[in-house]
Amino acid sequence: MGNVENPVASTSAEVQLRQEMTDGFQLVIDALKLNGIDTIYGLPGIPITDLTRRAQAAGMRMLSFRHEQNAGYAASIAGFLTQKPGICLTVSAPGFLNGLNALAHATTNCFPMILISGSSEREIVDLQQGDYEEMDQLAIAKPLAKAAFRVLHAEDIGVGIARAIRAAVSGRPGGVYLDFPAKLFAQSLDAEAGRKSLIKVVDPAPKQIPGADAVKRALDLLKSAKKPLIILGKGAAYAQVDTEIKALIEKTGIPYLPMSMAKGLLPDTHELCASAARSFVLPGADVVMLIGARLNWLLSHGKGKTWGGKDHKDWGGQRFIQVDISPQEADSNVRIDAPLVGDIGSCVSALLSEMGRNAGSSWPKPPAEWLNAVAEKKNGNVAKMAETLAKNPTPMNFHSALNVVRDIVKANPDAMFVNEGANALDFTRSIVDMYKPRKRIDVGTWGIMGIGMGYCVAAAVATRQQVIAIEGDSAFDRDHLQLETICRYNLPVCVVIFNNNGVYKGTDINPTGGPDVAPTVFVKGARYDKLIEAFGGVGVNATTPAELRKGMEEAIRSRKPTLINAVIDETAGTESGRITSLNPSAAKKK
Ligand SMILES: Cc1ncc(C[n+]2csc(CCOP(=O)(O)OP(=O)(O)O)c2C)c(N)n1
Ligand SMILES: [Mg+2]
């Protein structure tokens with residue numbers, strides 16, 4: 001073997017042979033690239049360090065985070081924004097567990113994401129012999145994922161990744177777990193056999209066409225309505241059929257409510273947008289068409305006082321049409337009179353073409369009485385809000401700060417907008433209008449804190465737009481070190497911390513009079529702006545709307561990583577923001 005004269009040099013035949021080999025690392029990279037996946041969010045370590053290096057060397061964008069949970073959130077929202085599974089890559093056991101939170105979040109929110117984790121040796125794990133980072137990760141991931149797979153042989157990597165992609169994006173999207181034991185990466189394989197084992201997934205999210213009878217049933221019900229309402233959910237935003245949805249709203253002339261992440265699907269300033277009259281249209285409507293929106297807690301389960309019911313279990317008088325990709329969604333909370341099952345694009349197109357066929361261009365507009373009542377309520381509320389926003393109290397409060405944010409977003413409608421907190425979330429959602437689809441990304445189905453900085457990174461990377469984040473000082477809790485990630489990649493992110501000295505408010509006191517502060521209270525007057533300065537970013541302390549405006553305008557002009565510590569009146573918030581009623585002790589207090 002080898003060259004007799006020089007044992008280190010190889011014969012050309014050997015070089016040839018080596019060039020024709022591939023390995024597990026390479027096949028993972030090749031399989032992802034073959035399927036148009038060019039970005040990985042993760043954190044290196046045994047056994048995936050070389051995978052991160054080689055992915056970068058192969059031209060993929062490899063974004064290293066300071067915590068897997070944030071990388072996972074980034075991957076999940078990248079999936080939402082791009083309709084391709086976002087990839088999160090972690091090490092075994094503890095890294096995997098850190099990523100798992102985001103995997104469950106992706107599944108709950110119907111975001112396509114794949115968590116790829118390295119794992120320890122099967123035979124040792126299965127005999128529980130105490131391997132390095134030993135854990136049966138596949139078993140743990142399964143209940144939290146839409147699907148979970150393990151690959152043991154390099155020649156199965158192509159199939160494993162193809163299955164993961166299909167599971168993540170087809171039907172109702174979700175989080176998928178892929179378990180890659182350490183030994184897999186080092187396995188070598190004939191390069192040609194490796195190439196042939198890869199799968200370029202054909203039609204990963206096939207259209208699902210609704211039945212003609214279901215379309216007709218839905219339209220008959222809609223036409224019978226005297227007080228119709230359409231609710232757009234984030235599923236409608238995910239579908240990327242913005243023109244068709246706009247056409248449906250405008251052709252029917254029906255007032256609509258966008259759920260939080262559907263804001264901007266049509267501009268929030270659209271005359272049919274009923275956001276400012278939410279508490280009037282929900283109990284008032286007689287027929288409600290849900291498009292990619294579930295009747296979960298965010299819509300009070302379709303019943304109770306919100307919907308005109310007598311108590312929390314009582315149904316209102318509404319009849320529902322539900323457009324959803326999952327046949328199991330209908331009747332989950334109340335009766336659905338007209339389920340329309342299919343992908344949102346196919347369903348909305350089918351509705352439009354059936355409307356056109358039967359009614360020509362003259363689909364009957366809803367009764368003027370309903371439209372006028374909605375408009376009156378909305379205009380009244382908008383005028384009231386304008387008065388509140390025009391005030392300039394000292395110290396700055398949520399409203400006077402958001403008056404600035406509102407102007408900045410209006411002037412920069414393409415900017416991505418990230419939002420988390422309690423009051424910092426609820427006030428922002430209702431005050432800051434969005435003008436374009438999929439710009440607003442937030443706490444989602446769980447109302448989860450800690451998504452912010454991961455979302456900022458992914459939004460900047462996936463869209464290349466300026467990112468603005470409005471963060472409660474507590475919501476920002478889990479995120480501090482990702483400021484380093486943002487600075488390291490020099491991303492155009494402007495984080496604004498609404499600093500009210502705590503969770504909901506900064507005013508609670510310890511009833512015992514002891515030295516510990518109350519559990520919801522933080523260090524008074526903390527300077528979050530100093531955190532980003534540690535990593536070379538721009539820090540701004542803003543105590544007035546004018547300072548906030550200047551800081552945000554400068555951040556957007558410079559595209560430099562910026563953190564603005566917006567000092568907010570610590571008495572201004574309410575317990576749990578808008579969802580005080582879900583809080584058992586708060587409900588008792590009064
Ligand atoms: C992971 C997680 N932990 C805890 C909570 C409970 N929670 C809801 S809002 C919130 C923080 C609210 O405070 P802040 O972000 O400062 O907003 P503010 O109301 O003060 O503006 C917390 C801890 C949560 N939703 N998610
Ligand atoms: Mg706070």
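Note that ligands are numbered from 1 as they come in the structure, with each ligand's atoms numbered from 1 the same way.
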Check whether any side-chain heavy atom of [X] lies under 4.5 Å from a side-chain heavy atom of [Y], and answer yes or no.
X	Y	value
Ile48	Leu43	no
Glu471	Met453	yes
Leu144	Leu100	yes

To which protein heavy atom is [atom] closest, and what is the distance rounded to 0.1 Å?
atom	value
atom 17 (O) of ligand 1	Ala422 N, 3.1 Å
atom 21 (O) of ligand 1	Ala424 N, 3.0 Å
atom 11 (C) of ligand 1	Ser474 OG, 3.3 Å
atom 15 (O) of ligand 1	Ala475 N, 2.8 Å

Between [X] and [Y], does any side-chain N to carboxylate O distance fall below 4.0 Å?
X	Y	result
Glu570	Lys505	no
Glu387	Lys384	no
Asp136	Lys142	no
Asp314	Lys303	no

Ligand 1 N/O within reach of [X] N/O, cut-off under 3.5 Å:
X	answer
Gly421	no
Tyr504	yes
Glu420	no
Trp446	no
Met449	yes

Those atoms of ligand 1 less than 4.0 Å from some heavy atom in [X]:
X	answer
Gly472	14 (P), 15 (O), 16 (O), 17 (O)
Gly447	24 (C), 25 (N)
Asn500	18 (P), 20 (O), 21 (O)
Phe398	21 (O)

What is the distance from atom NE2 of His399 to atom OG of Ser430, rounded to the nearest 0.5 Å?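 So the NE2 of His399 and the OG of Ser430 are separated by 6.5 Å.
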Point-to-point distance, once rounded to the nearest 0.5 Å, from CE of Met434 to CE of Met261: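 It is 11.0 Å, given to the nearest 0.5 Å.
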Evaluate the criterion side-chain contact (heavy atoms from CB on, under 4.5 Å) for residue pair Val538 and Leu563; output intermediate values, then yes/no. CA-CA 6 Å; Val538 178; Leu563 189 146; over 6 Å; no
Which atom name does Asp473 have for its N/O/S atom nearest to the Mg ion (ligand 2)?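 Relative to the Mg ion (ligand 2), the closest nitrogen, oxygen or sulfur of Asp473 carries the name OD1.
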Mind checking whether Gly506 has a heavy atom under 4.0 Å from ligand 1?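 The answer is no, since Gly506 has no heavy atom less than 4.0 Å from ligand 1.
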Check whether any protein heavy atom sits under 4.0 Å from atom 6 (C) of ligand 1.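 Neighbour list for atom 6 (C) of ligand 1 is empty of protein heavy atoms (cut-off 4.0 Å).
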Regarding Val503, does it place an N, O or S atom less than 2.8 Å from the Mg ion (ligand 2)?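 No, since none of the N, O or S atoms of Val503 sits under 2.8 Å from the Mg ion (ligand 2).
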Is the distance from the Mg ion (ligand 2) to the nearest N/O/S atom of Asn500 under 2.8 Å?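 Here the distance criterion (N, O or S atom, under 2.8 Å) is met by Asn500, so yes.
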Sequence neighbours left out, what passes salt bridge (Lys or Arg N to Asp or Glu O under 4.0 Å) with Glu329? Give chain and number order.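 Salt bridge (Lys or Arg N to Asp or Glu O under 4.0 Å) list for Glu329, sorted by chain: Arg172.
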Report the member of Glu570, Arg478, Glu471, Lys505 with the shortest heavy-atom distance to atom 3 (N) of ligand 1.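 Minimum heavy-atom distance to atom 3 (N) of ligand 1 goes to Arg478.
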I need the contact type for Asp473 against ligand 1. Using non-hydrogen atoms and a strict under-4.0 Å cut-off, is it side chain, backbone, both or neither?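 Contact part for Asp473 vs ligand 1: both backbone and side chain.
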Which one of Tyr238, Tyr455, Phe80 satisfies the ring-ring contact (aromatic ring centres under 6.0 Å, His included) criterion with Phe111?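 Answer after filtering Tyr238, Tyr455, Phe80: Phe80.
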